[in-house]
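Just below is one structure, and these are the notes that go with it.
Throughout, residue positions are numbered sequentially from 1 according to the sequence presented.
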Amino acid sequence: MADGQREARGFSAFLARHLPLFSINFLGLVAVRIWIQADLYDRYTSTDSGIITIAANLLRAGLILVMLAVIVRRGFSRKAQNALGLVSAAAMTAASALFLLESVYPSQALVAAACALAGFGIVWGGGMWMSFYVRLRPAEALLYAFLSLAASSFFGLFLGMVPENVALLAAILMPTLSCIAFRRAQALLDARADGSEAGSASEPVYDREPRSTFVRLLTGVALFNLALGIARGFPSGASIELPLAFQALHQFGAAALSLGVIGWALVWGRSLKFSSLWNIAVTLIAAGVLALAAMSEPLAPFGAMLIAAANTFSLGLLWYSCYDIARHSSWKPYTILGVAWVAHILPRELGRALIWIAVPHSALAVGLTTVIVLLLAVSMALLLGDAIPRTRPLFADFRARGGGLASSIAARAQAHDATEAGPLGVESAPAPAPDSSGDALTRQLEQLKRRYFLTEREFEVVALLARGRSKTAIGEKLFLSENTVKTYVKNVYAKLDVHTKQELLDRIDEQPLD
């Protein structure tokens, strides 16, 4: 019963925190993924659309590299971003129209032109949303990224059931809807009292990270996607058609994983580890390849479904990883996103082309290919561990909620402050010996942390502030500058909707002890 009550309170706190700020415009990535599914992935009635997927994505990867080179030399002004967004939307719309025309009047020339426009359009058609995400706080960014993935999976199931021309007609509207949602979402953030510029308040800790860390991360992502690309055409080279039941399993499975991440981290306040999430995707690939390698007709669509689910889930992981790095570094978010997406697209499509060209014919060749894919997947799992980055673990905002380092800080502060000034500057008597679950203030602070999704550092600052420490003393204890401490306090005030230290202390007192 106690666990059920805690979960109910967690869900109520989740709704109280996020519903007042929610807008359907924040889910604009749904429109982008619907467009991708309809145009580039054959509505996920199979793992991909064969040569169309390969050609469009290879062109896309090449154009991203060109765009990054231009940005490095000339920069990327707000005006240029807006212009490219409109041009990208126009190219995506034209690509959908050409694919629709080609479905009525088959032509290789129309396919080539549609692939070129699709590859060009999607370079910035989805990338522009990162400039919106970096303005969000971590909990909001996680919520909207994985909620968008879940919602687009439900729409993807519908796309798989309708005729192709109907899906392409819907896809024609998606780029425009995405642009409208993007503009409205940015305007809504502008209208917020705090400006929602969460990224600017974070320390650029990754600027101090050695370059080898990011080489390792990119290598891990590249190996994962090389394995994924080979698996998508394995073992015959052609995409395996998914019956409707397996399409439903793919889309509902991807949605369940996405909603599970939201529930685990935001509703129940559990620790969210970067490596654990990637290992889920690796496990799906390994299981899918083993099912395909069995060369059994009933297992083939099941294996293809698992591989498609791994690809879908990895999109959310990579997107949030880029956000997390961008938020804690001084590098431009679109540069981070561009480099990561090249590491995502290029190896995957090269692997897909490789298996398409050199189809393993013999049982030995199939066995060797299976071993290669599994080794690639395992190598990726070893590279993408929680030991890197060293300066700050990825997804650290969702680590050890309700315990760990933050709790030990509070406990140490309690012991140290037992004979010092209390929260209101009044000399306090020595604190009584804490019971097995900690003293009342510590438990109230833990409740506050879970309810308002405080980060570890924000919790440490609040714990010390509540025990009467000055901002200068807090900075010395946590090895932070006084200005940085003030920034954390400002962020906490915004999350709790308070404006003074007394209101903060009152909010702590409101927290239940159980």
Q) When the ring centroid of Phe132 is compared with that of Tyr144, is the distance short of 6.0 Å? A) no

Q) Do Tyr44 and His250 have ring centroids that are under 6.0 Å from one another? A) yes

Q.
Which label fits Tyr334 and Phe76: parallel for a plane angle under 30°, tilted from 30 to 60°, or perpendicular past 60°?
A. perpendicular

Q) Taking atom types as modelled and ignoring hydrogens, do the side chains of Thr487 and Thr484 form a donor-acceptor contact shorter than 3.5 angstrom? A) no

Q) Looking at the rings of Tyr320 and Tyr133, which for Trp means the six-membered one, are their centres under 6.0 Å apart? A) no

(Q) For the residue pair Ser178 / Trp35, report whether a side-chain donor-acceptor contact shorter than 3.5 Å exists. (A) no

Q) So Trp331 and Phe214, ring pair (Phe, Tyr, Trp, His ring centres under 6.0 Å) or not? Walk me through it. A) CA-CA 13 Å; Trp331 309 315; Phe214 299 103; 5.3 Å; yes

Q) Between Gln37 and Ser152, is there a donor-acceptor pair closer than 3.5 Å when you use the side chain of the first and the backbone of the second? A) yes

Q: Tell me yes or no: between the side chains of Ser131 and Arg78, is some donor less than 3.5 Å from an acceptor?
A: no

Q: Would you check if the side chain of Glu458 reaches a backbone N or O of Val492 as a donor-acceptor pair within less than 3.5 Å?
A: no

**Q.** Donor-acceptor contact present, side-chain Asp39 to main-chain Ala118, <3.5 Å
**A.** no

Q) Mind checking whether Phe274 and Trp278 have parallel, tilted or perpendicular rings, split at 30° and 60°? A) perpendicular

